[in-house]
Amino acid sequence: MRVYIETYGCQMNDYDSRMIGSMLVGAGHTLVRGPSEADAVIVNTCSVRERAERRVLGRLRHLRGLMPDGAILGVVGCVAQRLGDRLPRAARGVDFVIGTDQYYRLPDALEGATRGNLRVEVEPCHDQSYDARPAPVEASICDFVSVMRGCDNYCSYCVVPYVRGRERSRPVGSILEEISSLVALGTRDVTLIGQNVNSYADGAVDFAGLLERADAVPGLGRIRFATSHPKDLSNRLIDAVRDIERVCEHVHLPVQSGADRVLEAMNRSYGREEYLALVRRVRERIEGAAITTDIIVGFPGESEDDFRATLSLMEEIRFDSAFMFRYSVREGTRAAALPDDVPEATKIARLETVIATQRRITEEVNRELEGTVREVLVEGPSEKNPALLFGRTRTAKAVVFGGPTDLAGSVVATTIEKASAWTLRGRLADDPAPS
Ligand code: SAH
Ligand code: SF4
Ligand code: F3S
């Protein structure tokens, strides 16, 4: 069959879609680039906020019209897991629904699927071991490798533990093999991903141990990781980031709120002062560390004072960048039992304020780089202006600059000439940097 896979949501879903793609290719199917040429369309969905979910449901209704008559429409991912057999009612015309722990059933589901003969598989997986290794098909200079699945943190607002199941770490050997095969195809920069990589454990190997082992893979240029939960970012891990040359000095450390009351109600297991102390520790130990974050505004009970506490925390820390969201009630979570009492207009106004604040801070932080020389891993031509090259600093900042396209995949020293909140404009520095 010709299969088109469409993906929404986070890096975990991007990764899973690749895994599904290589599994289906292995089973003799081919992947195509659009719904109109497909015998089967698979939509990998996100459920983290209501808007993400509504978007998917709208898209499902629309997709049917773009597909050839008789083509199969399947839904996988977090909305599939959450709604299960309620999904076909929300989006008519769906032929199968397969949850986040059941992807191994996909080749079979495709074979068996016929229009109008609905199949739903959303049993959570109780097996504690987890291993999934997509055979890489295409090389990209920066890529992701999943090291764990699920989440046990149960932040009160969050649907992820319900749709991704219990936390499971993947065996070290298999992770290293996947990194090696990506490197063989030309990947230079690997991001190890999981909802909370700090709690990675395979026997005696913790996440710092995994970083050490990944560092030993020949030919790999840079190692990154996301996401870290502040409650268990250990000194050992901070020191590993400092000491292992290939591990980039960037920590994504979602804070969510600057107010103790809200953090407590969110079940984040740390307070404002602890978070500030942790950031100080990261900055003391890792020179030049970039710190990025996630922020939610309008959580139930968030007062003006609580909101101002978030703003003051942002000013105090000066994050390099942030993902910012309006609180969205997720059915079945603990916070769903609380009154969603911040008016929508207030949520929107608060979101606009945090976005404007962070934009200014990002710009100020980036301006400090003007005139300095940074190591940039060249990814290829810039999408916006193909006459320029695009790359990233070790701290994950986007840089565009002029240079020959055969630099793709190498690390070059770049002088930062002009910084904005979005990009750094640079020029190749005269001396080549050690790669
Ligand atoms: N495991 C990661 C990321 C989880 S989802 C972590 O813990 O940081 C990414 C972000 O979405 C979260 O950090 C949070 O800021 C946001 N988010 C999750 N649930 C949300 C909800 N119900 N409403 C608004 N934002 C939410
Ligand atoms: Fe959600 Fe919290 Fe787990 Fe992140 S750590 S996925 S926010 S429950
Ligand atoms: Fe969305 Fe599922 Fe990721 S809910 S954010 S795709 S884990």
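Both counts, for ligands and for their atoms, begin at 1 and track the order of listing.
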Colleague: Out of curiosity, is I296 lining ligand 1, as in a heavy atom under 4.0 Å away?
Modeller: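 Right, I296 reaches ligand 1.
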Colleague: At under 4.0 Å between heavy atoms, which part of R268 makes contact with ligand 2: side chain, backbone, both or neither?
Modeller: side chain
Colleague: Between ligand 1 and Q195, is the shortest N or O to N or O distance under 3.5 Å?
Modeller: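 Right, the criterion is met.
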Colleague: Heavy-atom distance to atom 22 (N) of ligand 1: which of C158, S328, S257 wins?
Modeller: S328
Colleague: Let me see the working for E287 and E249 under side-chain contact (heavy atoms from CB on, under 4.5 Å), right down to the final yes or no.
Modeller: CA-CA 8 Å; E287 204 196 325; E249 47 281 4; over 6 Å; no
Colleague: Using a 4.0 Å cut-off to any heavy atom of R49, which atoms of ligand 1 qualify?
Modeller: 11 (O), 16 (C), 17 (N), 23 (N), 24 (C), 25 (N), 26 (C)
Colleague: Give yes or no for whether the N/O distance cutoff of 3.5 Å, strictly under, is met between T227 and ligand 1.
Modeller: no
Colleague: With under 30° as parallel and over 60° as perpendicular, where do the rings of Y327 and F299 fit, or are they tilted in between?
Modeller: perpendicular
Colleague: N/O to N/O below 3.5 Å, does that happen between N196 and ligand 1?
Modeller: no
Colleague: Please confirm whether R49 makes a cation-pi placement over F325, using NZ or CZ under 6.0 Å from the six-membered ring centre and within 45° of the ring normal.
Modeller: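 Geometry flag: set, cation within 6.0 Å and 45°.
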Colleague: Under 2.8 Å from atom 1 (Fe) of ligand 2, which protein N, O or S atoms do you find? Ignore water molecules.
Modeller: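 N, O, S partners closer than 2.8 Å: C158 SG.
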Colleague: A side-chain contact here means heavy atoms from C-beta on lying under 4.5 Å apart; do R268 and P254 qualify?
Modeller: yes
Colleague: Quick one: nearest non-hydrogen protein atom to atom 20 (C) of ligand 1, plus distance?
Modeller: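 So the nearest neighbour among protein heavy atoms is Y157 CD1, 3.7 Å.
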Colleague: Only heavy atoms of H229, strictly under 4.0 Å: list the atoms of ligand 2 that pass.
Modeller: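 Contacts of ligand 2 toward H229, numbered from 1: 5 (S).
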Colleague: To the nearest 0.5 Å, how far apart are OH in Y104 and CD1 in I20?
Modeller: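 One gets 13.5 Å once the value is rounded to the nearest 0.5 Å.
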Colleague: Looking only at side chains, do E50 and S328 share a donor and an acceptor under 3.5 Å apart?
Modeller: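 Note: E50 and S328 side chains miss the donor-acceptor criterion.
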Colleague: Would you say ligand 1 has an N or O under 3.5 Å from any N or O of R330?
Modeller: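 Between R330 and ligand 1 (N or O atoms, distance only) the closest approach is not under 3.5 Å.
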Colleague: Would you mind running through ligand 1 and noting each atom that sits below 4.0 Å from a heavy atom of Q256?
Modeller: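 Here the atoms of ligand 1 in question are 12 (C), 13 (O), 14 (C), 15 (O).
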Colleague: In this structure, does ligand 1 have an atom that sits under 4.0 Å from one of the heavy atoms of R326?
Modeller: yes
Colleague: Let me know which protein residues bring a heavy atom to under 4.0 Å of ligand 3; chain then number is fine for ordering.
Modeller: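 Under the 4.0 Å cut-off, ligand 3 touches G9, C10, N13, C46, S47, V48, C78, R164, Q195.
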Colleague: At less than 4.0 angstrom from any non-hydrogen atom of Y327, what atoms of ligand 1 do you find?
Modeller: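 Heavy-atom distances to Y327 below 4.0 Å select 23 (N), 24 (C).
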